[in-house]
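Notes follow the structure.
Model, not experiment: these values are computed from the prediction.
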Amino acid sequence: MKPSLAFACFLFFVTLFPFTIFSFSSEQPAVLCHSDERLALMQLKDSFIIDKQALAAGFCAYPKVDSWDSQSVDCCSWDGIECDQNTGLVIGLDISSSCLYGSINSTSSLFHLVHLQKLNLAKNHFNYSVIPYALGNLSMLTDLNLSSSVFSGQIPSEISNLHRLSSLDLSFVDLASPIPSVLANLSSLTSLNLDSCGLQGMFPLAIFQLPKLETIWLVRNSDLKGYLPEFNFSIKLKKLALWNTRFSGELPASIGNLDSLEYLGLGNCNFTGSVPSPLGNLPNLKFLNLGNNSFTGLVPPTLGNLTKLCVIPSELTNLTQLTFLNLQGNMLQGSVPSSISRLEKLNFFDCDDNRLGGLLEMDAFLELKDLQYLFLSLNDFNLVSRNDSNATRPQAQLVDIGLRYCHLREFPYFLRHQHRLQLLDLSSNNIQGQIPQWMSKVSVETLLFLDLSNNSLTGFDEFPLVLPWSKLNYLKLDSNILRGSLPVPPLSTVFYSISNNYLNGEIPELLCNLSSLSILDFSYNNISGGIPVCLSNFSKSLLVLKVRSNQLDGPIPSGWATGNRLKMIDLSKNKLQEKIPKSLMECKMLEYLDLGYNQIRDVFPSWLGSLPELNILILSSNAFYGRIENPKLNLIVFPKLRIIDLSHNRFNGSLPWVYFERWISMSSLDGKNSPTPKYMRESLDMRLNVIQVPRDYDYSMTITNKGMEIKYPKIIRTLVAIDFSGNRFDGEIPESIGKLKELHLLNFSNNNLVGGIPVAIAELINLESLDLSQNKLEGRIPKELGTQLTFLAFLNVSYNRLTGFIPRGTQLESFQSNSFDGNPGLCGKPLLKECSNNARGLPFPSSTSSKQFGLDWKVVLLGYGCGFLYGAVIGHIVIKRKPDWFAQTFSKCPTRRRMRRIISICMHACII
């Protein structure tokens, strides 16, 4: 071969060699994971079990570790594992929502994976394990997510070693501790999420100054305190969420330096002062929630610059990107400017519950084509709505409208053109006359929630028999002047309340088709006729049935179905007759039963004692009669009864002392030390679109307290009361009454009770009202009533047969004299009758007073009996052996000398 040809071939192979090498190298197998890390992962898998119940209930997605197989060489292909492509080292572990159950600590094989950069253990159940301090050894970590994983304890200080950490998510982990200040050392942190962690103490201010931090999410930590620092331009915060915490103080004006801020949620905190005007200089702000604080003053005009905000106050009109603005629940004043129409991207606006006023034109809102949620309630607006039937301009199609307390006198005309409404609240205005016929065509297929209560509505203008809104869940028409027959809501209705009106006629049986109904209240009307049998079993969802104060007659329905969920039945103040049907025993969840003020003739329904949840039983003002027989031995009766009212019936016999011993909730009450009062209510938190609509239905009742009939619009769960007044009970008040230590109200007045006032009543240390008047009680008033009943605010023992003085130096002297009238034998303050020395000096017959004089009456009586018996025996012997002497001695009237001799003989016999 010639040299030139050889050289050319050489050059060809040299040129081809790199491509050949590259071709061979590209066909080499990928780098496999390291065997020690594969072993660590298998050990981690074996340390947990799969929670099949959580999987079945949908609480987790699927067990990712099921794909991990010890026979598989390459762990990098396992589900949830990420490896470095060059080294094969495990750099990512995501086993979130894998249904894992078990404990984990710092000795876990997890911490052998020292090259981890991303670790996600969220949504598993680690059995309240303490957050392992060994996390601090994973120095390569950039992302750590332990949210909703049932860890507990405080954040370990070793976590400050993670200098590369960018995202930390511990949301919904029960930390129940302060935030360690060492978190301020995480200089690479961009996102911090501590939602619902039970955090305590002060939030470290230095964390706000972290140079790369973009998200601080601390919501729902009700014991976390703190305040906002001064912000400089270098801070890159995009999201700051502090709602439902105890952050306080004033908003710094430097908050206007946060140019990148998109989300600002400060609702339900303790902030004060005015809203700083620089807040309107945030050009990227889209969400602003300042609701439920204590802000004062005017809404700053600069807020009109927030053009990206969803909800906007009167002077946020420059914030043209604003989509959300929530100012609800403050003390803001002034007016909402018409320039609000500049916020073209606004989607949500809530200024409920402030002090805003003036004229407010609806057109300013209707021009915002993206606006869907509008809440203007609880202010002092005069709302103006243009009545223009020829209006052709497009207007916002609202989804939710809240216009309570807006001084409306008629239905706003703009509603005619609303076709997507889901919530409409026009309650507590002054809307008069009939509901117009055109309202029957408004949002017929979308409306879920309608509240027209507290107006002056008189009826429906040409509405169909069944109201037209086919998806309606909530209908509230209370406190109007509606007349005519009871309207029938659609089948979808869950809540229906139309109390305090002037409705008449009979109960339509169409109501029994509402199988989804939970609350039914048409109390305080003039509805007559009988209660349809179907009303007792038409809905297994029914919780509340309240038909109080109508003209209903006939028997109580007897078809109460097995498995019903009824908690409250109020049939009081009607004309119902006959007996209580025993099918009420099927209401196993019943807490409240009021049959008072009817014409029921029956004996005491002791069988109701088997209802395990019954708290309140009111049978007052009927024709109940007979004795209340004590329950059988060891039988648990009325285990949760707190309030019983049997007043104004014809019960007789002794007071049921065994019941007093077994009413365990009256002797020891659960929840009485709760820091917040708990009321009897049904909570219907209705989820409508993007908002939660909390609607509570409070139980109410009317009972006698402190001598007056009092209506309780809410019933606190710690109130305990007994009212047996106006019957024919006789005998003594039993000592067992002293066991009911939680009693607040006790009324035995207007009966035939005898004997004394038992000292055991003084053991009722929570008693606030005691009425024993109009009986035949006698003896003295125990002093202990004045010294031990420190909460007693009302006392009436008038018109009995009490004697002696009213105990001095006690609070009994502070009551009015009519509390003691009609007891001729009583004296002392507050009565005008003064006590004689004799009345003052007579002590109570007790062992203590006897021993003061060295006497023990038991010993004296025993000696007297023995002496009498011994003297009788000696006398018998003397008469039998010396009859002549006895006759001679006692045959004549004794002279003084003989009398002294007889006495001497008798004394001698007693001494012997």
Side-chain angles (χ1 to χ4, degrees), residues 647 651-655 657 660 704-708 721-738 740 743-850:
S647 62
F651 290 116
N652 58 31
S654 300
L655 292 171
W657 61 273
F660 297 162
T704 298
N705 182 3
K706 301 176 182 177
M708 297 181 292
I722 294 177
D723 189 348
F724 285 4
S725 63
N727 282 282
R728 302 170 184 174
F729 288 111
D730 54 32
E732 298 186 356
I733 301 174
E735 293 287 333
S736 57
I737 195 70
L740 308 180
L743 265 180
H744 296 95
L745 317 175
L746 178 59
N747 191 345
F748 286 159
S749 65
N750 286 279
N751 280 285
N752 295 313
L753 299 175
V754 297
I757 299 175
V759 178
I761 289 181
E763 298 174 18
L764 308 178
I765 56 175
N766 293 298
L767 202 62
E768 299 174 15
S769 175
L770 175 62
D771 193 343
L772 303 177
S773 62
Q774 302 279 352
N775 280 286
K776 299 176 183 177
L777 299 173
E778 56 191 16
R780 292 177 173 272
I781 299 175
K783 184 176 183 180
E784 291 83 352
L785 297 189
T787 57
Q788 294 177 211
L789 301 183
T790 54
F791 293 106
L792 195 64
F794 176 85
L795 173 68
N796 192 351
V797 293
S798 63
Y799 297 98
N800 279 284
R801 301 171 182 176
L802 300 173
T803 57
F805 60 92
I806 297 169
R808 285 186 169 186
T810 69
Q811 65 170 349
L812 299 185
E813 292 183 317
S814 65
F815 292 109
Q816 298 292 322
S817 61
N818 57 10
S819 297
F820 305 95
D821 283 347
N823 291 282
L826 273 183
C827 59
K829 292 182 179 179
L831 296 175
L832 296 177
K833 181 182 178 182
E834 295 184 359
C835 296
S836 64
N837 291 332
N838 196 28
R840 290 196 186 101
L842 283 172
F844 286 104
S846 66
S847 58
T848 305
S849 60
S850 301

_With rounding to the nearest 0.5 angstrom, report the CG to NZ distance, Asn747 to Lys706._
13.5 Å

_So does Ser749 get a backbone contact from the side chain of Asp771, meaning a donor-acceptor N/O pair under 3.5 Å?_
no

*Straight-line distance of Phe791 CZ to Leu767 CG, nearest 0.5 Å*: 11.0 Å

*asked:* Could you walk me through whether Leu792 and Leu770 satisfy the side chain to side chain contact (heavy atoms under 4.5 Å, CB included) test, starting with their C-alpha distance in whole Å, then the side-chain angles of each, then the deciding distance to 0.1 Å, before giving a yes or no?
replied: CA-CA 8 Å; Leu792 195 64; Leu770 175 62; 4.0 Å; yes

_Side chain Asn796, main chain Ser798, donor-acceptor under 3.5 Å_ = yes

*Side chain of Asn752, backbone of Val754: donor and acceptor closer than 3.5 Å?*
no

*Return the minimal non-hydrogen interatomic distance between Trp657 and Pro734, and the atom names on each side.*
CB-CB, 3.5 Å

*Might you point out which heavy atoms bring Gly828 and Cys835 nearest each other, and give the distance in Å?*
N-SG, 3.5 Å

*Is it true that a side-chain atom of Glu813 and a backbone atom of Gly786 form a donor plus acceptor pair closer than 3.5 Å?*
no

*Which value, rounded to the nearest 0.5 Å, describes the distance between His744 atom NE2 and Asn705 atom CG?*
10.5 Å

*What distance separates Asn766 CG from Thr790 OG1, expressed to the nearest 0.5 Å?*
8.5 Å

*asked:* On a heavy-atom basis, which atom in Glu735 and which in Ala760 lie closest, and how many Å separate them?
replied: OE1-CB, 3.2 Å

*Using atom types as modelled and distance alone, determine if a side-chain donor or acceptor of Glu784 lies under 3.5 Å from a backbone N or O of Val759.*
no

*Do you know the tightest heavy-atom contact between Asp730 and Leu753?*
O-CD2, 3.7 Å

Which donor-acceptor pairs under 3.5 Å do the side chains of residues 817-826 make with protein atoms, sequence neighbours left out?
| residue | atom | partner | partner atom | Å |
| --- | --- | --- | --- | --- |
| Ser819 | OG | Leu795 | O | 2.8 |
| Ser819 | OG | Gln816 | O | 3.3 |
| Asn823 | OD1 | Asn800 | N | 3.1 |
| Asn823 | OD1 | Arg801 | N | 3.3 |
| Asn823 | OD1 | Leu802 | N | 3.0 |
| Asn823 | ND2 | Val797 | O | 3.0 |
| Asn823 | ND2 | Phe820 | O | 3.1 |
| Asn823 | ND2 | Asp821 | O | 3.3 |

*Whether Asn775 side chain and Asn751 backbone form a donor-acceptor pair below 3.5 Å*: yes

*Between atom CD1 of Ile806 and atom NZ of Lys829, what is the distance when rounded to the nearest 0.5 Å?*
11.5 Å

*Aromatic ring pairing Phe748/Phe724, orientation class (parallel under 30°, perpendicular over 60°, tilted between)*: tilted

*Could you pull out all residues at least two apart from Ser736 that satisfy side chain to side chain donor-acceptor pair (under 3.5 Å)?*
none

_If you compare all heavy atoms of Ile761 against all heavy atoms of Ile757, which two are closest, and at what distance to 0.1 Å?_
CD1-CG2, 4.1 Å

*Can you measure from CD1 (Ile722) to CG (Leu743) and round to the nearest 0.5 angstrom?*
4.5 Å

